[in-house]
Every structure is written in structure tokens, then in C-alpha cells.
There are 2 protein chains.
Amino acid sequence: MRLVEDNDISVLTMRRLAAELGTAVTAIYWHVGNRDALLDLLVDRLLEDMGAVPVTGRTPRARIASIARQWRQRLWEHPHLIAVAHERGKTAAMFVPMQAQLATELALLDIRGDGAATAIGALQFHIAASVVMERTASRGPDSGVTEPSAWPASYTDTTLVRRLSSPVDYSAVFDLGLEALLDRLLG
Amino acid sequence: MRLVEDNDISVLTMRRLAAELGTAVTAIYWHVGNRDALLDLLVDRLLEDMGAVPVTGRTPRARIASIARQWRQRLWEHPHLIAVAHERGKTAAMFVPMQAQLATELALLDIRGDGAATAIGALQFHIAASVVMERTASRGPDSGVTEPSAWPASYTDTTLVRRLSSPVDYSAVFDLGLEALLDRLLG
DNA sequence: ACCTGAACACCGTTCAAGT
DNA sequence: ACCTGAACACCGTTCAAGT
């Protein structure tokens, strides 16, 4: 986990890990099977640490927004591990404690059943997407920036072109999307 | 491109490509430099094919929604190549023609400058996220599903639990998020 | 029960040598 | 100008052999 957390999944090779542990590569195979199984164990360990999050706010809406922001922040503390979990199809499992917290708040607003499932799904998607997109963008040079030269010269909205050619503010995009969802979901 | 499109980026190895081309591996290096450069060329070729999209609808709002849906559909036709572009930090470059189309429609609603940039950024994020998340989920078995057993037995909202433990309908999540964004952005 | 080294089939990349 | 084979430093994985 330290290896992945500090760097990237790419540094977690069986040979490198063996060197770090001071054993032969093949000893790892006896214990965990193979690399895929090792990654699954890694994700399981990550999932264990995913408990409920502290909630603030008085109205249910404020509390739901707080839960969403807290989760985004928490996931962002382990972006590389999140990426592994996401790749292994364990995104939803990661979110179970959040689902329960949201369900409680939604029930206070008399939103249950299908409506609650839709709301939770949309919020979960928004949070996971925000982390995944920002993480990918944070590697590589052009990260999410549009070349101004790509625009037709006839385009006179210089403010717009300048804004689109500067780095994306993912926090702002996240908050905008979150508020938009809450408006729609909570009525 | 065929290799990546039909399978996955992982099958595009220098040696496999060389075999496909009937040359020695090293010939590729003379032409393109190395694997990274090859992937960049791949992305550039993809970007060339990204022109404007046909728009339908009478009101600007309907037209904007149509543009967003069309782009999601177009990107979904090349999910593996999109993944490569995203990984290489070329997501925004891919969207330039869409940005221009949206700018035109937004101007009709008197949304320009910072407001237009915010709107375009939010819509672009939503579309790209939808494709990236759905693609990742579509590989691996548990794809986005919550184990019902993970819920406390005390939980009585069986409709909610059942919905959360069945596969995510990404189209529905996309449409919900899109409508929410349009409500907020277009007033 | 747990660990080892050797071996196999793969990678990306470099470089001197060919035509 | 363009292609080749050999070589290097990496991978994941298997398996017989050790203690």
C-alpha cells in the first residue's frame, strides 16, 4: 500500500515488492497467488478503512452536501488506491458507508425507495467521477487545457477562450454539479 | 488504431504491432521514436476525426442537450481510444469542436465570458466523466454493484437496497445530471 | 509449511550493422 | 533513408527442489 500510495500502481511489480520485502519473488506467489490477487487484497484492505464520515449542517440538504464533500476529500487522500479499486470494479463497495449515511438523511426528507436510489446513485457517480477525472488530469502536461490556437480567429469572446485555455478548477466544477444535483433531487 | 479499438490498449505492444505489420520491432522505432510517441500519434489521429456534431431541437436549451447527448454517443463509439486520450491529458483538445458549438448556443441565451466558460466546463466534465466511468465499470465483474449483504440487516427499505445492488444505468445517471446542470446553468 | 533459483514467455529500448 | 538482429534490463508466472 505504501508503494502504491507514494507513487503509482506501476511501481508495484512483483519483483520490486520482493526486493522491498527482502524475499525471493516466488515467495509472494506462495502467499497471495498472483498479482491480480495481490491487487484485490490491496483493495479489500482499503475498503476496510472506509467507515462513516463526520456530518455537519442543520438541514438535511446541508448535511447531504457535507457528506458528499467529505467523501470527495477522503477519496482524494488516496487517489492511487482509489484508481486501483475503480479499475477492479469495487467503486460501489467503497461507497457503502456513504450510501447508508445518505439514505438516513434522505429518509428525513421522505425520499425513499427508487427516489433514494436515484439520488444516491447520482451523488456517488458525481463524487467518484470528480476524483477519477481530477487524478487522471493531474498527470500528463496538458491536463485538461484547450489550446487557444485551436479556436477560430473569428472568435471574439476572449474571456471565454482564455478561461477554456487555463486549467480546470475541479473543486468549482464539483460544487456546481453538486448544487445542481441537490436542487433537482431534493426539490 | 484497429488493435486498440477492437481490444484494449494493453494489446498494443511494440512487438505485437510489429508482427501485425510484418516488420522487425525496431523498424517502428525508426519511424515513431518510442511507444509514448506512438500513443500520441494515435490520439492526434483520433482528434482529427472530431468535428462538429449534428444538432437538433428548436430552443437553445434543447439544442444544448442534443449536443451533449450526441457527444456522449460519439465518444462511446471509441471508448478505448478515448481512454488513451484521457490518459494522455488530451481530453479538452478532443472537445474543442463541442466547445465551439456550445458557445454559439449559449450566446443566443446571452451567456458569454465567464458564465459560458463555467457552463461549457461543467458539461464537458459531465460527458467525459460519464464515458470514462462507464467504460471502466464495463470491465471487471462487480462493475459498480453494491453487495446487499454489506447493508445492516436492520435496513428495511428493500426497494432501495435492491436498486443499489443492481447494475447502474449510466444513461439515466447521465440524463439526470445533464438536466440538473441545464436547470442551474440556463436559469 | 514456507522459501529458493532456474527457466519460460513476454515486455520496451538501444545500437551497431546491414542494404 | 530505411530495416535488421543481437543484446540489455525489465516484466509475470511456473515448477522442481530445498529446508
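Order of the sequence lines fixes the chain letters, A, B, ..., with proteins taken first and strands second; residue numbering starts at 1 for each chain.
Separating the CG atom in B:L12 from the CE atom in B:M1 is a distance of 11.0 Å, to the nearest 0.5 Å.
For the segment residues 13-24 of chain A, residues with any heavy atom less than 4.0 angstrom from an atom of DNA chain C are, sorted by number, A:R15, A:T23, A:A24.
Taking 4.0 angstrom as the limit, B:H31 places a side-chain polar atom (N or O) nearer than this to OP1 or OP2 of D:dC3.
B:D169 pairs by the side chain to side chain donor-acceptor pair (under 3.5 Å) definition with nothing, not counting sequence neighbours. Partners of A:R61 according to the side-chain contact (heavy atoms from CB on, under 4.5 Å) rule, which considers only residues two or more places apart in sequence or in another chain, are A:T59, A:E179, A:L182, A:D183, A:L186. Not counting sequence neighbours, the partners of A:S171 by the side chain to side chain donor-acceptor pair (under 3.5 Å) test are A:R72.
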* Show the numbers, then the answer: is there a side chain to side chain contact (heavy atoms under 4.5 Å, CB included) between A:I64 and A:L109? => CA-CA 11 Å; A:I64 290 173; A:L109 293 167; 4.3 Å; yes
* To do: Start with the C-alpha gap between B:L46 and B:I82, add the side-chain angles, then the distance that decides, and say whether side chain to side chain contact (heavy atoms under 4.5 Å, CB included) holds.
  => CA-CA 8 Å; B:L46 175 70; B:I82 302 301; 4.3 Å; yes
* From CA spacing to verdict: side chain to side chain contact (heavy atoms under 4.5 Å, CB included), B:F95, A:L164 -> CA-CA 11 Å; B:F95 278 105; A:L164 286 179; over 6 Å; no
* Asked: Where do A:V132 and B:T136 land on the side chain to side chain contact (heavy atoms under 4.5 Å, CB included) test, with the steps shown first?
  -> CA-CA 11 Å; A:V132 168; B:T136 312; over 6 Å; no
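Computed from coordinates, the A:L38 CG to D:dG12 P distance equals 10 Å when rounded to whole Å. Remark: P of D:dG12 and CD1 of A:I9 are 10 Å apart, rounded to the nearest angstrom. Atom P of nucleotide D:dC2 and atom CD1 of B:I28 are separated by 15 Å, given to the nearest angstrom.
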Could you list, one pair per line, each protein nitrogen or oxygen that sits under 3.5 Å from a nitrogen or oxygen of nucleotides 14-19 of chain D, together with the distance?
none

* Structure fact -> Pairing string of DNA chain D (Watson-Crick or G-U wobble, both atom distances under 3.5 Å; | = paired to other strand) is ||.|||||...|||||.||
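Using the six-membered ring where Trp is involved, A:H126 and A:F174 have ring planes that are parallel, under 30° apart on the 30 and 60° scheme.
The side chain to side chain contact (heavy atoms under 4.5 Å, CB included) with B:V11 is formed by just one residue from the set B:L3, B:L17, B:D6; it is B:L3.
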